[in-house]
Amino acid sequence: MALLFLKKKLFPGQETKMHSKPLLARIDDEETIRGDSDQDLESQGSYNTFGRCESHDGSISSSSTTRARINPRIISDAILGLSDGLTVPFALSAGLSALGNTKVVVLGGLAELAAGAISMGLGGYVGAKSEAESYEATVRETRELIESDSSETSNIVRETFAPYGLSPAAIDDITRDLHASHERLLEFLLAFHHRESAPDCNQAWISALTLAIGYFVGGFIPLIPYFIVSQVMTALYWSIGVMGVTLLVFGYVKTCVVRGWSGHDNVVAGIWGGMQMVCVGGIAAGAAIALVRLIDTGST
C-alpha cells in the first residue's frame, strides 16, 4: 500500500482510493484521494501566509492548496527582534543613566532604537534574499544534474527509498517512472534529497519588517519611565523593575511557544526561560553601567 500511495503522489494522472497521508505512511483503502490536483510536492509542505507566489517552474500556488498556518519564520524573526530589543537598548539606557541626565538617556536611547531597528531590518532582508538565491541555485544545479547524469539521479532515488525496506523491483519501477518526467524528478529531488522548499515571494520584506518592528517595540519599553519621571535614578529603578517583569514574561512566552503551554515540564521550562532572560538583561545592564561609570571616572 505504501508503494501505491507513493506512486499516486508522484504521478497524479490516475485516481486511486486511499487517504492522504505522508509518504510511505499506513493508509486505509476505504478513503479516497483525488490525484488530479496541480499541487506539487513542495507546495504540500509550504506555508502560504501572504497570498500567492510564483514557484520555480512558473506555476502559481494559491492559499487554497496550502496550510493556513503562521509561517514559523515569522515567529522566529519576531522572537529574535524582541530578544535583542529588550536587552541591548535596556543596557544602553541603564549605562547612560550613570551620567545623571534624563535627556541624554532619552535621546541616546531613541537614536539607538532607530539605528538598531534599521540594522536588524536590513539584516533580515539580506538574509532572506540569500536564502532565496540559495534555493534558486539548488534548483538550477539539480536541473543540470537531471539533464546531464541520469545514473547519478537514479542512485539518489534508490538511496532515498533504501531505508524503507521496499523491494528492488519496486524501487526500480519508481525510479523509472520518476525519470519519465524531468519536472517531476526535479520536485522529488528538491523535496526528498535536498530537503528544501520554495521560500515565500515576500519573505525578505516580511523578515525585515518583523525584525525591525520587534526590535523597536522591545527597545522602547525600558525608555518609557524616562519619559514620565524627571529624576534619572528614579527612572532607572522603574526601568529595571519594568524590564525585570517584561523579560520574565517574554522568556516564559518564548519558551512555551516553542515547547507548548500545558504540562509540568513545559511550565518549568518556561519559568527557567524567563529567568534566563532576566539574567541576560541584568548582566548586560550591569556591565553597561559599570563601563560608563569607569569611563566617566577616568575622564574626570
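Throughout, numbering of the chain's residues begins at 1 and tracks the sequence.
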Fill in: Shortest non-hydrogen contact from K254 toward S83
CD-OG, 4.2 Å
Discussion item. Could you tell me if the side chain of W261 sits less than 4.5 Å from the side chain of V253, heavy atoms only?
Written reply: yes
Worksheet item: Does I174 belong to the same Ile/Leu/Val/Met/Phe/Trp/Tyr cluster as L186, with side-chain heavy atoms less than 4.5 Å apart forming each link?
Response: yes
Practice prompt. Give the cluster check for I271 versus V245: same hydrophobic cluster or not, with ILVMFWY residues linked at side-chain heavy-atom distances below 4.5 Å.
Written response: yes
Practice prompt. With rounding to the nearest 0.5 Å, note down the distance linking OG1 in T138 to CD in E196.
Written response: 3.5 Å
Practice prompt. Would you please test S207 and Q203 for side-chain hydrogen bond (donor to acceptor under 3.5 Å, both in side chains) and show each step?
Written response: CA-CA 6 Å; S207 294; Q203 185 61 57; 2.8 Å; yes
Worksheet item: Donor-acceptor pair, D149 side chain versus E152 backbone, under 3.5 Å?
Response: yes
Discussion item. I need the full list of side chain to side chain donor-acceptor pair (under 3.5 Å) pairs touching residues 222-247, with sequence neighbours left out, sorted by first then second residue.
Written reply: S97-Y226
Practice prompt. Walk me through it: do L189 and T160 pass the test side chain to side chain contact (heavy atoms under 4.5 Å, CB included)?
Written response: CA-CA 9 Å; L189 294 179; T160 300; 6.0 Å; no
Discussion item. Does either side chain, that of H194 or that of T142, offer a donor lying less than 3.5 Å from an acceptor on the other one?
Written reply: yes
Discussion item. If hydrophobic clusters are built by linking Ile, Leu, Val, Met, Phe, Trp and Tyr wherever their side-chain heavy atoms come under 4.5 Å apart, do F227 and L113 end up in the same one?
Written reply: yes
Worksheet item: Which pair of heavy atoms, one from P89 and one from G219, lies closest together, and at what distance?
Response: CG-CA, 3.6 Å
Response to the item:
On a heavy-atom basis, the closest approach of L211 and D77 is CD2-O, 3.2 Å
Worksheet item: Do T175 side-chain atoms and I171 backbone N/O form a donor-acceptor pair below 3.5 Å?
Response: yes
Item to complete: Evaluate the side-chain proximity of N101 to V232: yes if any heavy-atom separation is below 4.5 Å, no if none is.
Response: no
Worksheet item: Do any N or O atoms from the side chain of R184 and from the backbone of D177 form a donor-acceptor pair under 3.5 angstrom?
Response: yes
Item to complete: Determine, using the 4.5 Å side-chain heavy-atom cutoff (strictly less than), whether M120 and V126 are members of one ILVMFWY cluster.
Response: no
Discussion item. Any carboxylate oxygen within less than 4.0 angstrom of a Lys/Arg side-chain nitrogen, looking at R158 and D172?
Written reply: yes
Worksheet item: Do T153 and H179 have side-chain atoms, one donor and one acceptor, less than 3.5 Å apart?
Response: yes
Worksheet entry | Minimal non-hydrogen separation, G121 against A208, with atom names | O-CB, 3.2 Å
Worksheet item: Does the side chain of F90 come within less than 4.5 Å of L223's, by heavy atoms?
Response: no
Practice prompt. Report yes if the side chains of V139 and Y135 come closer than 4.5 Å at any heavy-atom pair, otherwise no.
Written response: yes
Fill in: same_hphob_cluster(I118, L209) at 4.5 Å side-chain heavy-atom cutoff
no
Worksheet item: Are any non-hydrogen side-chain atoms of L145 and I156 less than 4.5 angstrom apart?
Response: yes
Response to the item:
Nearest heavy-atom contact between L110 and F220 is CD2-CE1, 4.3 Å
Discussion item. Measuring from atom CD of E183 to atom CZ of F188, what distance do you get when rounded to the nearest 0.5 angstrom?
Written reply: 15.5 Å
Practice prompt. Supply the atom-to-atom distance L178 CG to S150 OG, rounded to the nearest 0.5 angstrom.
Written response: 13.0 Å
Item to complete: Give the minimum heavy-atom separation between V229 and T102, together with the two atoms involved.
Response: O-CG2, 4.2 Å
Worksheet entry | Inter-residue atom distance T87.OG1 - F250.CZ, 0.5 Å rounding | 9.0 Å
Worksheet, complete the sentence: The side-chain contact (heavy atoms from CB on, under 4.5 Å) partners of A269 (sequence neighbours excluded) come to T255, R259
Worksheet entry | Nearest-0.5 Å distance that lies between atom CD in E147 and atom CG in L185 | 11.0 Å
Discussion item. Could you go through E133 and R140, starting from their C-alpha distance and side-chain angles, then the distance that decides it, and tell me whether this counts as salt bridge (charged side-chain N to carboxylate O under 4.0 Å, His left out)?
Written reply: CA-CA 10 Å; E133 292 172 358; R140 184 170 57 254; over 6 Å; no
Discussion item. Just so I know, are the side chains of Y215 and V88 near enough to count as touching, which here means a heavy-atom distance under 4.5 Å?
Written reply: yes
Worksheet item: What distance do Y125 atom OH and I206 atom CD1 have between them, rounded to the nearest 0.5 Å?
Response: 12.5 Å
Item to complete: Please check if the side chain of S119 supplies one atom and the backbone of A115 the other of a donor-acceptor pair under 3.5 Å.
Response: no
Show which side-chain atoms of residues 274-289 pair as donor or acceptor with protein atoms under 3.5 Å away, not counting sequence neighbours.
none

